[in-house]
Number of protein chains: 2
Amino acid sequence: MNAHPAAIDLARLAQATSPEGLLTGFELKAFPKGWLLSSPDGPRDQVFIVRSGRLRVYLAGENRELSLSFLEAGDIYTTHTPTYVESVAPTELWLMDTRSFARKLATDPSTTPVMMRVLGRLLSNAVTLIEDLAFREVPARLARFLLGLVERRGQAQDQGWLIPLELGMEDIASLLGSTRQTVSALINQWERQGILQRQGRRSLLIRSISALEAQCPGKP
Amino acid sequence: MNAHPAAIDLARLAQATSPEGLLTGFELKAFPKGWLLSSPDGPRDQVFIVRSGRLRVYLAGENRELSLSFLEAGDIYTTHTPTYVESVAPTELWLMDTRSFARKLATDPSTTPVMMRVLGRLLSNAVTLIEDLAFREVPARLARFLLGLVERRGQAQDQGWLIPLELGMEDIASLLGSTRQTVSALINQWERQGILQRQGRRSLLIRSISALEAQCPGKP
DNA sequence: TCCTGTCCGTCGGCCAGCCGACGTTTCAGG
DNA sequence: CCTGAAACGTCGGCTGGCCGACGGACAGGA
């Protein structure tokens with residue numbers, strides 16, 4: 001659910017201008033905003049590392065979409081999985097097809113641990129999402145989402161924690177597998193209860209962490 | 001959702017009695033039926049290959065369980081993910097901790113492709129399950145489950161396809177993220193409609209593949 | 001043969017949350 | 001300072017499917 005798989009040192013590494021070291025064999029390409037890089041039907045044979053920009057990984061049903069993750073600089077991904085990948089901002093990628101990548105792995109074992117960590121991260125995220133969809137209700141998912149933001153990007157204030165909100169209601173709903181209306185209603189209800197407070201359109205002030213935690217059944 | 005990740009040649013390889021070749025470094029262990037091998041809370045640092053028996057991989061919520069997969073001879077798995085793993089029959093495993101395994105991967109690149117395939121398979125299954133939970137309703141999931149069985153284990157008959165059903169209603173429901181009652185009601189409804197037919201307690205005769213396919217929105 | 005445990009079929013009540021609809025707020029570009 | 005489009009807030013109706021409950025069917029044990 002959370003983005004940032006293995007953003008550790010790759011973010012800096014990916015800033016290179018020529019493919020050296022771990023990047024050997026990758027090819028730099030740029031994409032405009034709104035470009036569909038991969039779909040479940042199309043070929044699924046690429047590995048890439050994000051140099052800059054922003055991508056959305058999502059699934060699509062009849063008349064709904066479920067975002068799995070947003071990828072940013074330093075994130076690595078493979079189109080092995082039947083998902084859609086779309087740039088939501090101008091984006092630069094280090095690209096490589098999986099066949100070459102497999103060869104690279106076979107000859108250069110130092111790449112393996114990175115790849116394993118990435119795949120492990122992806123799997124963990126997927127499992128967490130499955131748990132959410134199967135067991136938890138929307139309020140719990142939204143609460144966990146907000147708590148995650150506090151943890152990763154929250155700024156302490158005397159009134160509580162300020163978190164940036166670069167996503168609209170619609171986008172959040174899509175990340176949670178819910179709808180705009182439900183998410184909107186929940187946030188406004190919580191605001192009325194004093195749990196949080198809107199701070200302009202693009203940020204949120206969390207006034208009571210514990211009240212949000214109370215919405216999540218059984219999470220330490 | 002479907003079991004059998006990389007059952008290709010591993011099933012035979014795992015029959016060995018001493019750890020040679022790919023099995024180098026693994027340790028053979030036996031478990032009785034009903035043994036909990038791993039849980040989201042406990043240590044999650046093992047890789048194993050099933051030599052014989054049967055394991056269930058599942059998630060647990062407040063008062064429900066969701067089975068992710070059943071593992072059988074030749075299947076490989078890692079407890080990296082926060083899931084429960086339990087033996088549902090007496091089981092023999094080739095075990096190894098992830099640290100040693102990482103070292104093995106670094107020194108013996110031939111293991112890497114196997115591992116990548118396995119992880120890829122796990123990811124694909126996870127994504128498919130997410131799609132099901134997020135977009136499809138229970139009838140569609142059940143229909144796809146049955147169609148999968150026909151494809152993998154169906155025996156042609158003049159009346160239709162006979163499929164073995166070694167799982168009870170409860171187990172099937174757990175695989176689909178639904179309940180015993182709902183699944184039972186659906187199957188009996190389909191029986192009344194002549195789509196399928198019970199054949200004793202442990203097998204099912206599918207009379208109309210196309211009727212089942214009609215239950216799945218948009219799947220070629 | 002009966003008894004007892006396990007599984008299956010079916011019903012009615014109930015509710016989370018999806019959907020459509022419509023009004024209101026926000027904001028960028030003229 | 002307008003203005004149109006995009007995003008947000010809120011309402012009511014509707015329904016898939018969960019839950020509890022209960023009775024029947026089919027074992028295996030004694």
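Naming: A, B, ... by sequence-line order, numbering from 1 per chain. Everything numeric here is computed off the predicted structure, so don't read it as measured data.
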- Message: Without decimals, in angstroms, what is the distance between A:Leu142 CG and C:dC18 P?
- Response: 12 Å

- Is the shortest side-chain N/O distance from B:Ser184 to OP1 or OP2 of C:dT10 below 4.0 Å? no

- Message: Surrounding CD of B:Gln157 (heavy atoms of other residues, nucleotides or ligands, distance under 6.0 Å), is the total greater than 12?
- Response: yes

- Message: Measure CZ/B:Phe135 against C1'/D:dG16 and give the value in whole Å, please.
- Response: 17 Å

- Roughly, in whole Å, what's the span from CD in B:Glu170 to P in C:dC8? 8 Å

- Message: Is it the case that the side chain of B:Ser87 and the backbone of B:Pro32 share a donor-acceptor pair, with hydrogens and angles ignored and the cut-off at 3.5 Å?
- Response: yes

- Item | Salt-bridge contact B:Glu166-B:Arg153 (side-chain N to carboxylate O under 4.0 Å) | yes

- Task: Give a yes or no answer on whether the side chain of B:Thr78 reaches the backbone of B:Val47 with a donor-acceptor pair at less than 3.5 Å.
- Result: no

- Message: Does C:dT10 have OP1 or OP2 under 4.0 Å away from a side-chain N or O of B:Asn188?
- Response: yes

- Message: Without decimals, in angstroms, what is the distance between B:Glu191 CD and C:dC8 P?
- Response: 14 Å

- Message: Does C:dC18 have its OP1 or OP2 closer than 4.0 Å to a side-chain nitrogen or oxygen of A:Thr182?
- Response: yes

- Can you tell me how far C1' of D:dC18 sits from CZ of B:Arg141, to the nearest Å? 12 Å

- Query: Taking the side chain of A:Arg180 as heavy atoms from C-beta outward, which of D:dG9, D:dC19, C:dG9 is closest to it?
  - Reply: D:dG9

- Task: Check whether any side-chain N or O of B:Arg192 sits under 4.0 Å from OP1 or OP2 of C:dG9, and answer yes or no.
- Result: no

- Message: Heavy atoms only, 4.0 Å cut-off, all strands: where does A:Thr179 land among base, sugar-phosphate and nothing?
- Response: sugar-phosphate

- Message: Can you tell me if B:Arg201 touches the phosphate of D:dA25, counting only side-chain N or O atoms and a distance under 4.0 Å to OP1 or OP2?
- Response: no

- Item | Between D:dG9 (P) and A:Trp190 (CH2): distance, integer Å | 14 Å

- Query: Under 3.5 Å, is there an N or O donor on one side and an acceptor on the other linking the side chain of B:Gln181 and the base of D:dG17?
  - Reply: no

- Message: Can you tell me if B:Arg202 touches the phosphate of D:dA27, counting only side-chain N or O atoms and a distance under 4.0 Å to OP1 or OP2?
- Response: no

- Task: Grab the CD-P distance between B:Glu137 and C:dG17 for me, whole Å please.
- Result: 15 Å

- Note on the structure: Winner on side-chain proximity to A:Met169, out of C:dG17, D:dG17, D:dG9, is D:dG9

- Item | Atom-to-atom span, CD of A:Gln189 to C1' of D:dC8 - whole angstrom | 17 Å

- Query: Does B:Arg56 come within less than 4.0 Å of B:Asp171, counting only side-chain N to carboxylate O?
  - Reply: no

